Amino acid sequence: MRELLGGKGANLCEMTGLGLPVPRGFCVSTEACTRYYEDGEKIADEILAEINEKLELLEKNIGKTFGDVDDPLLVSVRSGARASMPGMMDTILNLGLNDEVVKGLAKLTSNERFAYDSYRRFITMFSDVVMEIPKALFDEVFDAVKEENGCVYDTDLSADNLKEIVKKYKALYFKHKAEEFPQEPRVQMIESIKAVFRSWNNNRAITYRRLNDIPGDWGTAVNVQEMVYGNMGDDSGTGVAFTRDPSTGENKLYGEFLMNAQGEDVVAGIRTPQSLDQLREVNPKVYEEFAAISTKLENHYKDMQDMEFTIERGKLFMLQTRNGKRTAHAALKIAVDLVNDGMVTEEEAVLKVDPKQLDSLLHPNFETRALKAAKPVAKGLPASPGAATGKIYFEAKDAVDASKAGEKHLILVRAETSPEDIEGMSVAEGILTSRGGMTSHAAVVARGMGTCCVAGCSDVSINEKNKSFTDKNGKKYFEGDYISLDGSTGNVYDGQIATVKPELSGDFGTFMAWTDKYRRLRVRTNADTPADAEEAIRFGAEGIGLCRTEHMFFGEDRIAAIREMIVSKTEAQRRRALEKILPMQRKDFEGILEAMEGKPVTIRLLDPPLHEFLPQADGDIAAIANELNMGSDELRTIIRDLHEINPMLGNRGCRLAIIFPEIPEVQTRAIIEAAVNVSRKGKKVIPEIMIPLIGDVKEYKYVRNTVKETADKVLKELGAELDYLIGTMIEIPRACLTADEIANEAEFFSFGTNDLTQMAYGLSRDDAGKILDSYFDKQIYEFDPTARIDVPGVGKLMEMACKLGRGARADLHLGICGEHGGDPSSVAFCHKVGLDYVSCSPFRVPIARLAAAQAAISDKKSGEQVIHG
Ligand code: PEP
Ligand code: MG
């Protein structure tokens with residue numbers, strides 16, 4: 001009943017049903033939470049009545065009542081959503097205490113110290129969580145009393161010290177709220193339930209949901225349970241344990257506990273907890289009981305469990321169990337071990353690993369301990385995962401020079417990157433930009449190269465002229481200073497942090513083979529070089545879904561040729577520039593087609609946003625002017641004329657090919673000649689030539705005719721036969737709406753969801769970051785549509801294009817090559833709408849393979865949701 005009761009609530013009920021010792025209580029459902037929001041942040045009368053009714057039942061069952069001075073009922077109020085969101089929402093403990101009840105509790109337990117310690121904890125939590133009085137203020141009071149009395153540990157405080165703290169806390173509360181701390185337990189409880197409902201929408205929870213694909217309309221349940229105490233003396237304690245080691249996956253009970261403490265003490269790290277093995281010595285009976293329960297729970301849930309327990313005066317209570325979070329390495333080992341032990345099937349095991357986690361296995365990472373000690377100095381977008389630490393350079397050529405001089409670890413810092421930075425980017429271990437979104441040039445290229453990148457980091461202000469940047473604290477960094485980047489979180493750190501290179505273990509191979517067995521979608525890669533193509537094959541790519549030919553001209557030695565072509569005034573000049581380009585392209589294509597060994601390769605005709613390629617620097621302008629036999633000023637005029645106000649909506653894609661048909665002509669020649677050369681070596685090749693940015697079938701036909709005529713002409717010249725396909729990208733909404741007309745002509749479609757999203761939303765992909773940040777803050781958007789397919793809008797366009805397209809051509813081959821092709825939930829959508837393949841950057845290929853398998857397995861078990869953790 002996870003959906004209704006939340007993960008924690010459902011598992012507490014399940015454990016109760018298994019006969020395990022669970023503190024008694026009741027659960028306020030997720031429906032009550034969503035209703036609370038629907039009703040304008042109010043608990044409806046009938047729900048209030050039901051809560052009170054269940055409270056009375058609880059009082060009756062336990063034989064204790066709220067507010068009873070002689071034998072009071074005290075409860076905990078905890079959040080618990082459908083999917084686990086550790087630490088994101090709020091909890092209130094020791095609820096039911098007031099000025100009178102605390103006295104009774106002291107008498108009842110013959111432990112005045114314990115009673116006042118519980119009361120001061122409750123006042124802090126209630127004030128912080130329910131009343132939003134900063135916790136730091138309470139901590140200040142607490143620390144001051146500790147210091148005045150010469151106490152080192154919290155446990156050194158006497159009952160009188162604690163009474164004094166309670167008095168001061170209540171005064172603090174009064175100062176902030178202009179009313180006394182609430183004494184009525186029922187009021188405390190209802191206010192706490194409301195606060196837990198509200199915590200569903202705190203910033204932490206919203207961000208966590210966005211990062212973990214959890215919908216905002218699920219709401220959280222609230223668990224109200226009788227308190228059990230781990231701080232009742234030396235025969236009491238509390239702990240956290242895993243049925244297997246969450247960092248290695250080793251099948252061994254693993255955990256920590258503290259005697260005479262409450263849960264928060266273990267987490268807070270004030271006292272160092274003991275390892276669970278030591279519980280065997282401290283209390284062998286409880287240890288044995290706990291070990292037996294752990295085994296029972298793991299067998300019941302058929303997964304590694306993360307459990308919380310409390311020992312109250314020698315009696316064990318289970319407070320929580322859930323599928324434990326684990327490292328990627330552990331996740332694979334546990335999945336493989338569970339199958340080997342016959343506990344789960346391969347299909348069930350495949351569902352247990354979060355696809356996004358695989359990423360960390362493929363990139364270097366920071367050493368866990370070193371990372372913990374470091375403090376971020378800025379935060380940007382986690383544009384390309386991995387960890388990088390090195391010296392900073394502000395210009396690509398400085399980075400290249402440093403690399404040539406033997407510098408190994410360097411980081412390129414730019415306001416934004418452009419194609420001419422490519423060499424600097426390729427020698428860099430990490431890239432930091434202050435502008436641009438998740439599909440900006442830096443982000444796309446870095447992901448393709450598997451290089452760590454933090455993009456759009458507006459916390460830093462870069463002065464490219466002075467070669468320096470300032471972090472959010474005002475510290476300045478100059479060329480040669482060390483920084484570290486975490487491309488998985490977007491964090492930027494001052495100085496060096498040690499990294500480790502992960503190895504792909506045997507479990508990785510075993511597990512990935514299962515994913516291949518169960519998926520229907522093929523997985524291709526976006527690759528522009530033979531090296532990328534080879535890397536992607538190692539990760540399991542089954543073809544190339546997008547080779548961006550303009551990326552092949554990023555290198556310093558090549559960009560001149562493409563610039564010359566762009567700024568040519570006459571067809572003759574352009575053909576001369578294209579003559580230079582032809583052999584380069586032919587060689588590139590041969591390399592890629594050979595590396596792919598007969599696997600399908602989709603090559604896209606030139607699609608450069610012109611502004612990314614126009615020369616800017618005086619030196620570049622002079623050199624190109626010289627090459628074209630014109631003066632620099634004349635060239636400057638041409639560049640000015642080529643300037644576009646909206647380059648993303650300008651002379652890109654097929655428009656370039658229509659205005660200058662010699663471009664597709666030369667590119668087609670290069671493709672066909674390369675394919676023939678490779679096939680003459682006895683290798684199978686079927687190139688797929690892709691025309692970008694089609695909005696109207698007439699555009700497609702025009703360029704297709706050029707391509708077809710050229711291809712057939714080249715084949716005739718060469719006396720060769722070759723199968724090739726011509727198809728198009730679907731990345732303009734109009735293409736989706738008229739997909740039947742286009743499919744009558746095109747042999748395949750590949751969804752360019754970067755542009756399709758940009759154009760469906762009318763939101764520039766280069767500037768989306770800043771705007772989306774405000775949208776997330778204001779809860780207008782839950783997810784980033786540039787990273788995850790927006791199903792109701794962009795998804796509907798895709799679905800329509802698939803239906804119309806296949807209606808016109810039943811065997812129309814369908815794929816996706818936008819960034820979304822490597823995003824797990826988008827892959828699931830692609831499976832659902834019947835695409836044949838997804839294509840993504842090499843490092844995301846394993847993620848897509850797993851996501852595709854999960855989509856197929858979930859589809860089979862239809863109705864079941866894939867929920868991790
Ligand atoms: C797209 O638009 O989704 C795409 C793959 O093309 P590009 O990112 O090169 O515009
Ligand atoms: Mg595009």
Side-chain angles (χ1 to χ4, degrees), residues 383-384 417-419 422 436-449 455 524-528 532 544-554 562 602-613 646-657 667 688 690-695 699-700 703 727-736 748-768 784-790 794-795 797-798 801 814-823 826-827 829-830 835 837-842 844 848:
S384 177
T417 62
S418 70
I422 193 72
M438 292 294 278
T439 54
S440 63
H441 178 266
V444 172
V445 174
R447 277 197 292 275
M449 297 194 300
R524 298 193 189 185
T525 190
N526 295 357
D528 317 319
D532 283 355
I544 289 182
L546 174 63
C547 170
R548 291 178 164 105
T549 51
E550 63 282 0
H551 283 196
M552 295 174 154
F553 292 89
F554 279 171
I562 204 124
T602 308
I603 298 170
R604 181 176 75 181
L605 298 181
L606 214 55
D607 180 14
L610 289 187
H611 67 301
E612 284 187 8
F613 282 87
N646 279 320
M648 276 295 183
L649 301 176
N651 195 0
R652 294 174 60 196
C654 68
R655 295 162 194 163
L656 200 66
Q667 284 204 296
E688 300 173 359
M690 182 154 78
I691 302 169
L693 223 70
I694 291 291
E699 294 172 298
Y700 177 81
V703 182
T728 185
M729 290 195 69
I730 300 288
E731 48 185 344
I732 290 186
R734 193 182 187 283
C736 297
F748 63 87
F749 283 178
S750 176
F751 287 98
T753 43
N754 300 335
D755 275 308
L756 190 57
T757 303
Q758 164 170 268
M759 296 192 214
Y761 275 89
L763 178 65
S764 155
R765 53 197 267 192
D766 285 338
D767 297 312
D784 178 354
T786 69
R788 171 183 169 167
I789 289 174
D790 148 57
V794 176
L797 285 167
M798 288 173 68
L814 297 173
I816 176 175
C817 62
E819 287 299 311
H820 305 80
D823 166 66
S826 308
V827 171
F829 176 76
C830 293
L835 298 196
Y837 69 88
V838 296
S839 186
C840 53
S841 51
R844 290 167 90 182

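Keep in mind that what you see is a predicted model, and the values were worked out from it rather than measured. Numbering of residues begins at 1 and proceeds along the displayed sequence. Indexing begins at 1, ligand by ligand and atom by atom, following the structure's order.
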Of all the heavy-atom pairs spanning P842 and D532, show the shortest one and how long it is.
-> CG-O, 3.9 Å

For ligand 1, is any non-hydrogen atom under 4.0 Å from L756's backbone (N, CA, C, O), its side chain (CB onward), both, or neither?
-> neither

Taking the side chain from R604 and the backbone from C547, do they hold a donor-acceptor pair closer than 3.5 Å?
-> no

Checking L656, I691, T549 against L605 for side-chain contact (heavy atoms from CB on, under 4.5 Å), the one that qualifies is I691

Is T753 close to ligand 1, meaning an N/O of one under 3.5 Å from an N/O of the other?
-> yes

For the Mg ion (ligand 2), the nearest N/O/S atom on D755 is atom OD2

Which one holds for E819 and ligand 1: side chain close, backbone close, both close, or neither close, with close meaning a heavy atom under 4.0 Å?
-> neither

Just jot down the ligand 1 atoms closer than 4.0 angstrom to any heavy atom of C817, in number order.
-> 5 (C)

Please confirm whether the backbone N or O of R548 pairs with a side-chain atom of D528, one donor and one acceptor, at under 3.5 Å?
-> yes

Looking only at heavy atoms, which two atoms of I816 and M798 are closest? And how far apart?
-> CD1-CE, 4.3 Å

Determine, using heavy atoms of H820 and all atoms of ligand 1, whether some pair is separated by less than 4.0 Å.
-> no

Residue G752 vicinity, atoms of ligand 1 by number, heavy atom under 4.0 Å | 1 (C), 2 (O), 3 (O)

Which atoms of ligand 1 sit under 4.0 Å from any heavy atom of R548?
-> 4 (C), 5 (C), 6 (O), 7 (P), 8 (O), 9 (O)

Would you say R765 contacts ligand 1, with heavy atoms under 4.0 Å as the rule?
-> yes

Output, in order, the C-alpha distance, side-chain angles, deciding distance and verdict of side chain to side chain contact (heavy atoms under 4.5 Å, CB included) for F751 and C830.
-> CA-CA 10 Å; F751 287 98; C830 293; over 6 Å; no

Considering only N, O or S atoms, which atom of E731 is nearest to the Mg ion (ligand 2)?
-> OE1

Do side-chain atoms of Q758 reach the backbone of S764 as a donor and acceptor pair under 3.5 angstrom?
-> no

Which heavy atom of the protein is the closest neighbour of atom 6 (O) of ligand 1, given with residue, atom name and distance?
-> R604 NH1, 2.9 Å

Checking heavy atoms under 4.0 Å, the part of H551 that sits near ligand 1 is neither

Derivation and outcome, side chain to side chain contact (heavy atoms under 4.5 Å, CB included), residues M729 and C817 | CA-CA 9 Å; M729 290 195 69; C817 62; 3.4 Å; yes

Answer yes if the side chains of T786 and D784 hold a donor-acceptor pair under 3.5 Å, and no otherwise.
-> yes

What atoms of ligand 1 come within less than 4.0 Å of a heavy atom belonging to R652?
-> 10 (O)

Steps toward side chain to side chain contact (heavy atoms under 4.5 Å, CB included) verdict (T728, L693) = CA-CA 8 Å; T728 185; L693 223 70; over 6 Å; no

Which atoms of ligand 1 are found less than 4.0 Å from any heavy atom of M729?
-> 4 (C), 5 (C), 6 (O)

Numbered in order shown, the ligand 1 atoms found under 4.0 Å of a heavy atom of L546 are 5 (C)

